[in-house]
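The structure appears right after this line, and notes come after that.
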Amino acid sequence: MKIASWNVNSLRVRLPQVLSWLKKSDVDILGIQETKVEDGSFPIKEIEEAGFFCDFIGQKTYNGVTTISKIPPKQVIKSIDGKEQEQKRILLTRYKDDLTILNLYVVNGSEVGSDKYKYKLKWLKSVKNFIKKDLKKTKYYLILGDFNIAPHAKDLSNPDSMRDKVSFHPKEHALLLELIEFGLSDLFRKFDQRSGKFSWWDFRTHGFERDEGMRIDYILANSVLTSSCQACIIDTEAREQERPSDHAPVIAEFKL
DNA sequence: ATGGTAGGCGCCCTA
């Protein structure tokens, strides 16, 4: 069983890449972030023709998440605590055999101290509270997505200049740690301790060509799933293509 | 003092 996460930075633009990547990678479940597509124009037909079910929550221009899967979910939740999301950033799906996938597109936050940054912290707190309550509902629990936080110094190319900046700030690290302490593991770090392994590279600075980026996309698993995880990699090949997303997919493989 | 690119939208915003 393979489960992956990918911020595609516009599903409409990246759809051909996503469809060919699905064939190549043979994943069973893929959580996608930044679809930037309203529900009414979501490419259901193309994804179903590729052999996947899809659930989605989107909006015009910004944000938007979808989780596509070879088996249909038993339950889909698009709200947090029964409240409609003002920004469409979170999608929960549950499957047979007691598996939950929580797909997150964490707020970017723009700059420390800005209104967007305050919203990032507030959003993270509310999601954390939701997770705390939801985590015990299924035996297998996976949180994947674009977290917009580089967890440690080895997860970004220039930690000293990024210290206390957005995506590498103690307030964000504290919230991430509270999540981890619910009993979750960053699957990539179960297998690979090297520095300089990134999932996102800035277009503006030609970060990919310069090997400068951050590891801000990851897959967090509860202890049962962490034990059954056999591999977790970042597929940088997807970032080498013509007209790529600024993020590469993260793939975890399980014996289930 | 804040460039550079990309996507969506429409001449600017967000990442």
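Bear in mind that the values here come from a model prediction, so they are computed numbers and not experimental data.
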In whole Å, what separates the [atom1] atom of [N] from that of [M]?
| N | M | atom1 | value |
| --- | --- | --- | --- |
| B/dC9 | B/dT14 | P | 14 Å |
| B/dT5 | B/dA1 | P | 23 Å |
| B/dT2 | B/dG8 | C1' | 23 Å |

- Neighbours of DNA chain B within residues 200-219 of chain A, by heavy-atom distance under 4.0 Å: A/Phe203, A/Arg204, A/Thr205, A/His206

- In residues 108-118 of chain A, what residues come within less than 4.0 Å of DNA chain B, judged by heavy atoms? A/Asn108, A/Lys116

- Proximity of A/Tyr218 and A/Phe188 rings by center, below 6.0 Å: no

- Task: Quickly, which of A/Ile80, A/Leu179, A/Leu220, A/Leu92 forms a side chain to side chain contact (heavy atoms under 4.5 Å, CB included) with A/Ile131? Name it, please.
- Result: A/Leu179

- Could you point out which residue of A/Leu104, A/Val106, A/Val65 forms a side chain to side chain contact (heavy atoms under 4.5 Å, CB included) with A/Gln33? A/Val65

What is the distance, rounded to the nearest whole Å, between atom [atom1] of [X] and atom [atom2] of [N]?
| X | N | atom1 | atom2 | value |
| --- | --- | --- | --- | --- |
| A/Lys120 | B/dA15 | NZ | C1' | 11 Å |
| A/Gln59 | B/dA15 | CD | C1' | 14 Å |
| A/Asn7 | B/dA6 | CG | P | 16 Å |
| A/Lys60 | B/dC13 | NZ | C1' | 13 Å |

- Distance below 4.0 Å between A/Arg243 side-chain N/O and B/dG7 OP1 or OP2: yes

- Can you check whether A/Arg89 has a side-chain N or O nearer than 4.0 Å to OP1 or OP2 of B/dA15? yes

- Message: For A/Arg89, is there any backbone N or O sitting under 3.5 Å from a side-chain donor or acceptor partner on A/Asn63?
- Response: no

- Side chain A/Ser167, main chain A/Asn148, donor-acceptor under 3.5 Å: yes

- Item | Gap between atom CG of A/Asp211 and atom CZ of A/Phe198 - 0.5 Å precision | 6.0 Å

- Task: For A/Glu38 and for A/Asn63, locate the closest nucleotide of DNA chain B by heavy-atom distance; then report the residue assigned to the nucleotide nearer the 5' terminus.
- Result: A/Glu38

- Query: Relative to the 5' end of DNA chain B, which residue comes earlier, A/Tyr105 or A/Lys36, by the nucleotide with the nearest heavy atom?
  - Reply: A/Lys36

- Is the NZ atom of A/Lys24 crowded by more than 12 outside heavy atoms at less than 6.0 Å? yes

- Can you name the closest pair of heavy atoms from A/Leu91 and A/Asp55 and give their distance? CD2-O, 3.3 Å

- Message: Give me the atom names and distance for the closest heavy-atom approach of A/Arg12 to A/Pro16.
- Response: O-CD, 4.4 Å

- Closest to the side chain of A/Val13, out of B/dA15, B/dG8, B/dC9, is B/dG8

